[in-house]
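Presented below is the structure to which this report refers.
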2 protein chains.
Amino acid sequence: METTRKQRAALKSTLHQRGMRMTPQRQLVLDAVMALEHSTPEQVCKHVQLTTPTVNITTIYRTLDLLEQLGLVRHAHIGHGAPTYSAHGHEHVHLVCHVCSEVEEVPCDLLDDLAGTLRDQYGFKLDASHVALSGTCRRCLNRES
Amino acid sequence: METTRKQRAALKSTLHQRGMRMTPQRQLVLDAVMALEHSTPEQVCKHVQLTTPTVNITTIYRTLDLLEQLGLVRHAHIGHGAPTYSAHGHEHVHLVCHVCSEVEEVPCDLLDDLAGTLRDQYGFKLDASHVALSGTCRRCLNRES
DNA sequence: ATAATTGCAAACAATTTGCATTCAG
DNA sequence: CTGAATGCAAATTGTTTGCAATTAT
């Protein structure tokens, strides 16, 4: 997935509405998140620095927060380490194996039923893509037994 | 919930089988986790230090890891901060509101259907109590609209 | 021009590691 | 006794903050 001209224009005008400015760094971070699909702030930083080594990790953090507020990216907590960011629209549920740490992606709609139950019984609006589900993957299950 | 004589004996013999030793610190940490129901390493540390101020946080971390390997405690990732530990058997699914950060506990069996699907379709054995589900709670939903 | 944005250094929180000391068996 | 476990200080990792310098408009 690549950042299109359209998306850049949209970003620029969204920023403008809020008295914020379009900068090369913001484009680079958005590009990186879209190119990498899933990535920690650290990884985004490395990717951005391939083209522009002067960009500081502080800016990466600030820009990721900003893009998240604007609804352009989201983060999920996969396992123990740093959160991973992905572009809006690129959403799925993460299955994390707590034995081998492999991450598998499955469609969000697997959680539709659960989301319905939580909504009806608890008034809770589930955000399926935000959190990883933990368990044991097929390979590790086989190995165990 | 309190640590019983029986549980201590069980811990001691489990440790012994692996060439490990029973120590006051290990008892104190297990006691704390059971007493607190849900707690971060930091909170466990504070609680242990109420009785024995000399116990170091390093030992808390090491002991929590150990108790988890022995299957006596588990940790879950609730929201962004530190993980929270709870005693084995004290399990539920956590609903975390990403607006107000409130945590609600709901029974694990809500995930039974999902667990079945994941097992059948992906060979993934879901561990329901390990992860918090993120979303928006009733109160924040009402406030929003 | 001037307010927003950045880079840098330093602070911070959570966790881990190395090592000398202590203690359970 | 002897190896396992602890405490302490220091290192690491992930993230945030304060502030002066820069830059988009």
Side-chain angles (χ1 to χ4, degrees), chain A residues 8-9 11-30 32-33 38-49 51-70 73 75-85 101, chain B residues 8-9 11-33 38-49 51-70 72-73 75-85 101:
Chain A
R8 291 187 191 193
L11 173 52
K12 184 167 183 175
S13 80
T14 312
L15 288 169
H16 203 256
Q17 282 166 28
R18 314 193 177 203
M20 293 168 165
R21 292 168 185 176
M22 182 50 127
T23 65
Q25 287 90 335
R26 288 177 176 168
Q27 276 187 26
L28 287 164
V29 171
L30 181 54
V33 172
H38 279 91
S39 42
T40 62
E42 198 75 29
Q43 292 170 319
V44 171
C45 188
K46 290 238 173 68
H47 190 264
V48 166
Q49 289 180 341
T51 15
T52 317
T54 54
V55 177
N56 195 275
I57 184 128
T58 307
T59 303
I60 305 292
Y61 278 104
R62 287 191 284 229
T63 306
L64 287 172
D65 280 0
L66 173 64
L67 295 177
E68 186 151 38
Q69 279 171 41
L70 301 182
V73 310
H75 77 272
H77 294 281
I78 302 203
H80 300 210
T84 73
Y85 286 78
S101 299
Chain B
R8 291 186 193 193
L11 172 52
K12 183 165 181 175
S13 80
T14 312
L15 287 169
H16 202 255
Q17 283 167 28
R18 314 194 176 203
M20 293 167 165
R21 291 166 186 177
M22 182 50 127
T23 66
Q25 287 89 336
R26 288 177 177 169
Q27 275 187 25
L28 287 164
V29 171
L30 181 55
D31 288 355
V33 172
H38 279 91
S39 43
T40 62
E42 198 76 30
Q43 293 171 318
V44 172
C45 189
K46 289 237 171 69
H47 189 264
V48 166
Q49 289 180 341
T51 16
T52 318
T54 53
V55 177
N56 194 274
I57 185 130
T58 306
T59 303
I60 305 293
Y61 278 104
R62 286 192 283 229
T63 307
L64 286 172
D65 279 0
L66 173 65
L67 294 177
E68 186 151 37
Q69 278 171 41
L70 301 182
L72 295 173
V73 309
H75 78 273
H77 294 281
I78 301 203
H80 299 211
T84 73
Y85 286 79
S101 299

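Labels below follow one simple rule: chain letters A, B, ... track the order of the sequence lines, proteins then strands, and each chain is numbered from 1.
Looking only at side-chain heavy atoms (C-beta outward), T59(B) and R62(B) come within less than 4.5 Å of each other.
Residues satisfying the ring-ring contact (aromatic ring centres under 6.0 Å, His included) test with H77(A), not counting sequence neighbours, are H75(A), H130(A), H80(B). Remark: D65(A) engages no residue in a side-chain hydrogen bond (donor to acceptor under 3.5 Å, both in side chains) (not counting sequence neighbours). Taking the side chain to side chain contact (heavy atoms under 4.5 Å, CB included) definition, one finds that I57(A) meets it with E42(A), C45(A), Y61(A), sequence neighbours left out.
The C1' atoms of five pairs define one axis at each end of the helix from dA1(C)-dT25(D) to dG25(C)-dC1(D), and these two axes lie 20° apart (to 10°).
The residue T54(A) sits close only to the backbone: its heavy atoms come under 4.0 Å of sugar-phosphate atoms, none of a base.
Rounded to an integer number of Å, the gap from CG of D65(B) to P of dT6(D) is 12 Å. Rounded to an integer number of Å, the gap from I60(A) CD1 to dG14(D) C1' is 14 Å. Between Q17(B) atom CD and dA4(D) atom P the separation is 16 Å, expressed in whole Å.
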Using a 4.0 Å heavy-atom cut-off to protein, can you give one letter per nucleotide of nucleotides 17-25 of chain D, 5' to 3': B if the base is in contact, S if only the sugar-phosphate is, - if neither? BB----BBS

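Of the residues near DNA chain D, G19(B) and T59(B), the one whose nearest nucleotide (by heavy atom distance) lies more toward the 5' end is G19(B).
Scanning both residues, P83(A) and P41(A), for their nearest heavy atoms gives O-CD, 3.5 Å. The minimum heavy-atom distance linking M20(B) with R26(B) is given by the pair CB-NH1, 4.1 Å.
For Y61(A), a side-chain nitrogen or oxygen approaches OP1 or OP2 of dT15(D) to under 4.0 Å. OP1 or OP2 of dC8(D) has at least one side-chain nitrogen or oxygen of N56(B) nearer than 4.0 Å.
Close approach of DNA chain C to chain A, defined as any atom under 4.0 Å from a non-hydrogen atom of the protein, starts and stops at dA3(C) to dA9(C).
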